[in-house]
Amino acid sequence: MKLLRLFAIFGVCLCRTVELDWNVGYLQVDRTGYFTRRAIGVNQQMPIPPVHIMQGDVLTINVHNSLDVPTSLHAHGLLYNGTSFMDGAGMVTQCGIPPGDNFTYTIYTHDQAGTFWIRGSYNGQNADGLRTALIVHEKQKPASYDEEELITLEDWYPLEFPTKMAIDDGPGSAYKMKPSYPFGLINGHDGNLTKTINFLPGKRYRFRVVSFATTMWFKFSLPGHTLHVIEVDGVNSEPFKVDGLDISPGQRYSVVVDAHNSSSYNYVYNCTMYANFVPRIAGLSPRIYLGKIEYSKSAPTKYFSSKCDEQLKWVDVVKLTPQNKQPLLPVDSQVKLASLRFNGTDNIPHSMLGDLPYASPLVPTLFSAFTMGKLALNSGIYGPQAEAHVLRHMEVVEIIIDNPIPMEHSLYLHGHKVQVVEFGPSGNATSYNRPVATLRRAGKWPMQQDTVFIPAFQYAKLRFCADNPGVWLFRCQAEVHLHMGMAITFVEAPDVLQKQQTLPQELSQMCLKQKIKASGNAAGNQGFDLSGLSVVRQVH
Ligand SMILES: *[C@@H]1O[C@H](CO)[C@@H](O)[C@H](O)[C@H]1NC(C)=O
Ligand SMILES: *[C@@H]1O[C@H](CO)[C@@H](O)[C@H](O)[C@H]1NC(C)=O
Ligand SMILES: *[C@@H]1O[C@H](CO)[C@@H](O)[C@H](O)[C@H]1NC(C)=O
Ligand SMILES: *[C@@H]1O[C@H](CO)[C@@H](O)[C@H](O)[C@H]1NC(C)=O
Ligand SMILES: *[C@@H]1O[C@H](CO)[C@@H](O)[C@H](O)[C@H]1NC(C)=O
Ligand SMILES: *[C@@H]1O[C@H](CO)[C@@H](O)[C@H](O)[C@H]1NC(C)=O
Ligand SMILES: *[C@@H]1O[C@H](CO)[C@@H](O)[C@H](O)[C@H]1NC(C)=O
């Protein structure tokens with residue numbers, strides 16, 4: 001890691017630059033003790049070491065692509081305010097970095113701080129291991145604590161993502177998607193071989209818990225200790241007492257924990273990987289991983305009789321109060337979405353949030369927004385399957401997502417934190433023997449998240465202000481669901497974007513090198529001529 005200090009001449013940013021050299025390439029790894037497989041790592045390392053920077057820093061990542069396919073990187077939860085073209089979402093804000101090429105990401109933290117992660121954002125490469133934690137340390141701690149522990153959670157599959165996808169959801173898969181039972185990794189290793197965490201009596205610890213999962217949920221608890229939630233997805237909250245965290249793919253939580261005052265016992269922490277839509281099979285699902293909290297080498301371990309999950313208090317986002325006390329935003333417009341499935345004429349099952357399953361356009365949507373002049377304000381130019389919603393600068397949007405099916409989702413919005421306003425019942429839970437959900441509504445200062453857990457048979461209402469010109473993907477964090485089409489894009493204030501930002505030449509060159517057009521509408525044409533744009537293609 002190289003540190004540089006930048007002194008901006010006109011006094012805007014007196015920030016430190018942290019520079020990383022990342023050679024993204026394949027390697028063979030055994031992460032579970034059961035199988036060796038090809039994975040995508042950085043500088044021949046797996047797990048990729050976590051990145052620690054300070055609030056206000058500028059992170060530059062010099063990427064060299066040693067893969068035989070394109071790649072791109074996204075820092076999950078950072079807002080890319082003023083630099084939407086650095087967001088990394090494949091075929092949304094950039095073409096992939098071609099094999100053998102280099103590209104430098106410049107990522108401003110501005111005033112953001114908290115727990116984030118960096119991941120591949122091209123063709124499911126996140127699922128093949130291209131991911132690590134990004135901790136942006138606060139200039140002032142959001143709560144008092146003595147030490148920090150990082151817990152990263154991963155689901156890890158024997159098959160590479162493109163292979164798995166072809167089996168689960170390829171032509172001729174004939175809707176036979178089978179449940180699979182991945183392994184759980186904690187801090188990059190088999191969940192049960194994780195290092196012991198040492199506690200000193202009387203000290204206070206901050207745990208940062210990050211989920212890199214591509215399908216599975218994790219429950220985190222530390223029986224015998226109380227967790228106080230202080231941060232969710234890079235937004236600080238007033239301390240909120242819980243017994244455990246229920247973490248959907250992509251989410252992050254920080255909790256503070258008071259150590260006991262005596263070292264007469266040791267304890268265990270519990271990371272249980274599960275998904276409600278994966279059948280329960282003893283030993284396979286859920287998978288329970290236990291790690292040691294050690295107060296003293298010689299002390300006995302104290303176990304607690306397992307309570308059933310319903311008796312424990314799990315974190316509930318609508319009950320949290322953000323430290324920033326942002327009041328409930330008054331709504332200007334609504335976007336209504338539904339999580340639905342349909343069987344395509346191509347013999348492939350598709351998922352969607354909007355009217356059609358999302359599919360990558362032939363030109364990255366951001367490039368259309370930059371190059372189509374006044375027409376950039378018209379959603380028609382982005383093509384039907386970009387599911388583009390054009391937003392006016394500074395309008396407050398309420399997204400209503402209806403999820404009437406027996407499937408949980410974890411939806412991630414690039415470029416924003418959303419106010420999590422309300423959850424309520426949807427669909428016919430009773431016909432699936434599920435209880436009908438009760439209404440859950442945030443108070444006067446709704447908590448903000450970037451990755452929201454949408455339970456089965458519930459709707460959710462989320463709000464945000466369109467104060468970040470750019471093109472932002474709103475997607476299911478489950479890689480398989482994204483590839484089945486579960487995404488839409490927000491084209492935010494393209495008029496302001498064209499005035500305030502300039503698309504770097506290097507990014508256009510990257511497309512042209514791969515014979516992808518770098519301007520025009522979704523088909524690379526002028527006006528509303530979308531000829532050449534076919535329906536239902538692979539997303540990146
Ligand atoms: C690309 O990056 C690699 C690895 O960091 C470096 O060796 C090479 O010189 C770079 N190539 C160019 C053209 O900058
Ligand atoms: C440890 O002792 C201090 C001082 O007596 C007390 O305030 C605190 O609540 C105790 N902590 C626990 C976890 O019992
Ligand atoms: C992890 O270890 C615990 C305690 O030995 C055991 O009950 C559990 O089944 C193990 N988990 C897995 C997934 O092997
Ligand atoms: C671990 O947590 C899971 C989920 O809350 C629970 O079902 C299981 O009983 C716990 N196991 C232990 C040993 O605490
Ligand atoms: C898709 O087809 C399969 C197999 O025929 C069927 O079980 C399923 O209900 C269909 N799904 C939808 C959404 O129509
Ligand atoms: C919901 O399920 C119940 C029980 O199976 C059934 O009686 C009812 O007709 C269903 N309602 C709808 C709207 O599908
Ligand atoms: C982006 O920056 C502008 C100008 O500082 C600010 O008004 C806006 O709230 C920021 N948007 C986000 C999402 O941080």
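Order of appearance sets the numbers: ligands from 1, and atoms from 1 within every ligand. Start at 1 with the first residue, then count along the sequence.
Some N or O of Asp309 is nearer than 3.5 Å to an N or O of ligand 4, by distance alone. Between His416 and ligand 7, no pair of N/O atoms sits closer than 3.5 Å. At least one N/O-N/O distance between Asn81 and ligand 7 falls below 3.5 Å.
Of all heavy-atom pairs between Arg434 and Ala456, the closest is NH1-CB, 3.6 Å.
The number of heavy-atom neighbours closer than 6.0 Å to OH of Tyr274, taken from other residues, nucleotides and ligands shown, is above 12.
Within ligand 7, the atoms closer than 4.0 Å to a non-hydrogen atom of Leu79 are 14 (O), numbered from 1 in the order shown. In summary, the atoms of ligand 4 found under 4.0 Å from a heavy atom of Asn270, numbered by their order in the structure, are 1 (C), 2 (O), 3 (C), 8 (C), 10 (C), 11 (N), 12 (C), 14 (O).
With 3.5 Å as the limit, one finds a donor-acceptor pair spanning the side chains of Glu231 and Ser254. Asn266 and Thr301 are not linked by any side-chain donor-acceptor pair at a separation below 3.5 angstrom, with hydrogens and angles left out of the test.
Residues in residues 495-510 take part in these side-chain hydrogen bond (donor to acceptor under 3.5 Å, both in side chains) pairs, two or more places apart or across chains: Ser84-Gln501. Residue pairs meeting the ring pair (Phe, Tyr, Trp, His ring centres under 6.0 Å) criterion with at least one member in residues 58-86, sequence neighbours excluded: His74-Tyr80, His74-Tyr412, His74-His414, His76-Trp117, His76-Tyr412.
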Mind listing the N or O contacts between ligand 1 and protein, cut-off under 3.5 Å?
{"unit_1": "ligand 1", "atom_1": "2 (O)", "unit_2": "Asn102", "atom_2": "OD1", "d": "3.2"}
{"unit_1": "ligand 1", "atom_1": "2 (O)", "unit_2": "Asn102", "atom_2": "ND2", "d": "2.5"}
{"unit_1": "ligand 1", "atom_1": "11 (N)", "unit_2": "Asn102", "atom_2": "ND2", "d": "2.8"}
{"unit_1": "ligand 1", "atom_1": "14 (O)", "unit_2": "Asn102", "atom_2": "ND2", "d": "3.2"}

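Between Gln125 and Thr71 there is a side-chain heavy-atom pair separated by less than 4.5 Å.
Of all the heavy atoms of Trp314, the ones lying under 4.0 Å from any atom of ligand 4 belong exclusively to the side chain.
Using the six-membered ring where Trp is involved, Tyr295 and His225 have ring planes that are parallel, under 30° apart on the 30 and 60° scheme.
Among residues two or more places apart in sequence or in another chain, the salt bridge (Lys or Arg N to Asp or Glu O under 4.0 Å) test is passed with Lys313 by none.
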